[in-house]
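These notes are about the structure you will find just below.
All ligand and atom numbering here is 1-based and tracks the order in the structure. Only this structure's heavy atoms are used, side chains among them; waters, hydrogens and symmetry mates stay out.
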Amino acid sequence: MINRIGVVGLGYVGLPLACAFASKSFKVIGLDTDLEKIELIKRGETPIYEEGLQELLRKVLEEKSLKVTSSYREMVEETEACFICVGTPSNPDGSVDLRYVREAIEMLGESLRRVDKYFLLVVRSTIPPGTTLNVIKRILEEKSGRRLGEYGLCFNPEFLREGRALYDIFNPDRVIIGAIDEESGKLLLDIYKKFHGESIPPVLMTNPTNAELIKYANNVFLATKVSFINMVSQLCQRIPNADVKVVAEGIGMDKRIGREFLNAGLGWGGSCFPKDVKAFLRFGEELGLRSKLVESIIEINETQIENAVKLAEELVGRLEGRTISILGLAFKPNTDDVRESRAIRLIEELLKYDVEIKVHDPKALEKAKKILGDRVIYCKTIEECLTGSDLCILATEWAEYKELKQEMLKKYMRSPALLDCRRLYDPGEFKQIKFAAIGLGPRYVKSLSSNSEE
Ligand code: UGA
C-alpha cells in the first residue's frame, strides 16, 4: 500500500492535490523548481487564489503531513509514487509544448537510478494521445535504467475546475485510470480507495492512450456546449422577446442535455479550454482529420467578443472618447487566474476605440496588471470603478457584482448604462437606465416576473 506520495508542479492543479492527499493521511512531498514559490508555500502562503486552499495548506504544514522541496532526489527517496502536475502550454502552432513534462520525467528518472524500490509514476498533466507510451515511458526507462515491472506508470487525467479545485478533488464524478500494466492500475486504484474511502466514485480502468483522449474530448465537448449556447445567444439577439437564459433553462431540463455549461457569455477562456481545443484540432489534422466542428466552436468563441463590442455601441453610440468600467478580469469567478481571460480579450478590443478603461476585480488585479500594464486604470472598489463612466460592462460574474443596483450606477456614473456579458442581472431591475445583455432579443427590456414588454 502506497502511503508516501510526491507531487511535482505546485500550480493550480498540483498544490490543491498535494494538500488534499496530505489531509487524508498520506505523507506528501510537493516539488517545484521555482524557489520563490517553494519559500512562499513553506511559510503557509499560497501563490494562487483558490477557495479553502490557504487554510488547508496551513493545516497540513502544521500537521507535518506536507513538506515541500525543489530536490527530486529528496522526493524520490522519501516517497513510493509521484503525481506529475506540470504545465503543458501551447506552441504557437497550437500543438502541445511537452518541455516541462520531459524535464520532470528526466529528473525523476535520474533520481530513480539511485534508489532500489518499485516506484509508481502517475501523469496528470494534459498530454496528447500516445504521449505516455511513446514519450514518457521511453524517457523514464532511458534515464532510470529500469524496465516495466520495476516501475509503474499511469496516465490519470484531472477534471478539477479552478476556483472549485478542492471541492472537485474530494468529490469527482469519476476516476479515469490509464494504466500501462495491471499492477500500475491496481496500485493507483488503491491510492484512490484510501483517499475516498466508502465514497469512491465510479472508476474507468483503461490504457493510457484512451485516458489521454478522454481528457481532451471532455474539455472539447464542454467548450462545444458553451459555443453552442453562445451561437443560440447570437440568434436570440435577433429575435424580439427571445432570451437565451430561458432557452438554456428549457433545453437543460432534458436529462440528455443537462443545464451545466449552457451559460451564454463572452465565451470560454482560461488555461485549459483554449489550449486543449487547439491541440485537439492540431493532432486531428496531423492524423488527416480536419474537424470543421472544432473550427466552428473556436470561431463562435471569437465572435462573442465582437458581439459584445456591437452591443456596447448599440447602448452608448460611438465608443470613441467614452469611459468604460469593466467589472471582472479573471477568466471566471473565484480565481485570480487571467490566462486567456475573455474579459481581457474584450478590453484589448475596446482599447482599439480610443476609450478610457477602468477595471475592477476582487482577486485578479495584480495578475491583470502584468498583461494590461498602464493601458487601463485599476480600481480597488466598485464605486471607484463606476465613477465618471459612460458604460459599465460586467465581464466576469463574481457573486459580489450581483449586489450592483440601478441606483448605484445612477449615483456614480456620468451616464448610466449597463452591459451584462454574463447574464448576472435581472433586466427588470435596470428599467431606468440603458441596459443590454448577451442573448437578449431586441426590445426585450422587461421584468421577467411581470412578463410585460416595454
Ligand atoms: C476546465 C474543465 O471544466 C475541468 O474539468 C478541467 O479539469 C480543466 O478545464 C482542466 O483541463 O484543467 P476550468 O478551466 O477551471 O476547468 O474552467 P471551467 O469552469 O470549465 O470554465 C472554462 C471557461 O468556460 C471559463 O472561461 C468560463 O467562463 C466558460 N464557461 C463555462 C462559460 O462561458 N459558460 C458556461 O456555461 C461554463
N/O donor to acceptor pairs below 3.5 angstrom from side-chain atoms of residues 289-296, sequence neighbours left out:
residue : atom : partner : partner atom : Å
R290    : NE   : E295    : OE1          : 3.4
R290    : NE   : E295    : OE2          : 2.9
R290    : NH2  : E295    : OE1          : 2.9
S291    : OG   : V294    : N            : 3.1
S296    : OG   : K292    : O            : 2.8

> Does a donor on one side chain sit under 3.5 Å from an acceptor on the other, for Q237 and N307?
Replying inline: yes
> Where does the angle between the aromatic ring planes of Y401 and H360 fall among parallel (under 30°), tilted (30 to 60°) and perpendicular (over 60°)?
Replying inline: perpendicular
> Any side-chain heavy atom of P47 sitting closer than 4.5 Å to one from L15?
Replying inline: yes
> Near ligand 1, which protein residues have a heavy atom under 4.0 Å away?
Replying inline: E158, F159, L160, R161, E162, K215, N219, V226, F261, L262, N263, G267, W268, G269, C272, F273, D276, F331, K332, R422
> Which residues satisfy the salt bridge (Lys or Arg N to Asp or Glu O under 4.0 Å) test with R345, sequence neighbours excluded?
Replying inline: E302, E349
>> Tell me which pairs pass ring pair (Phe, Tyr, Trp, His ring centres under 6.0 Å) where either residue lies in residues 202-244, with sequence neighbours left out.
In response: Y216-F283
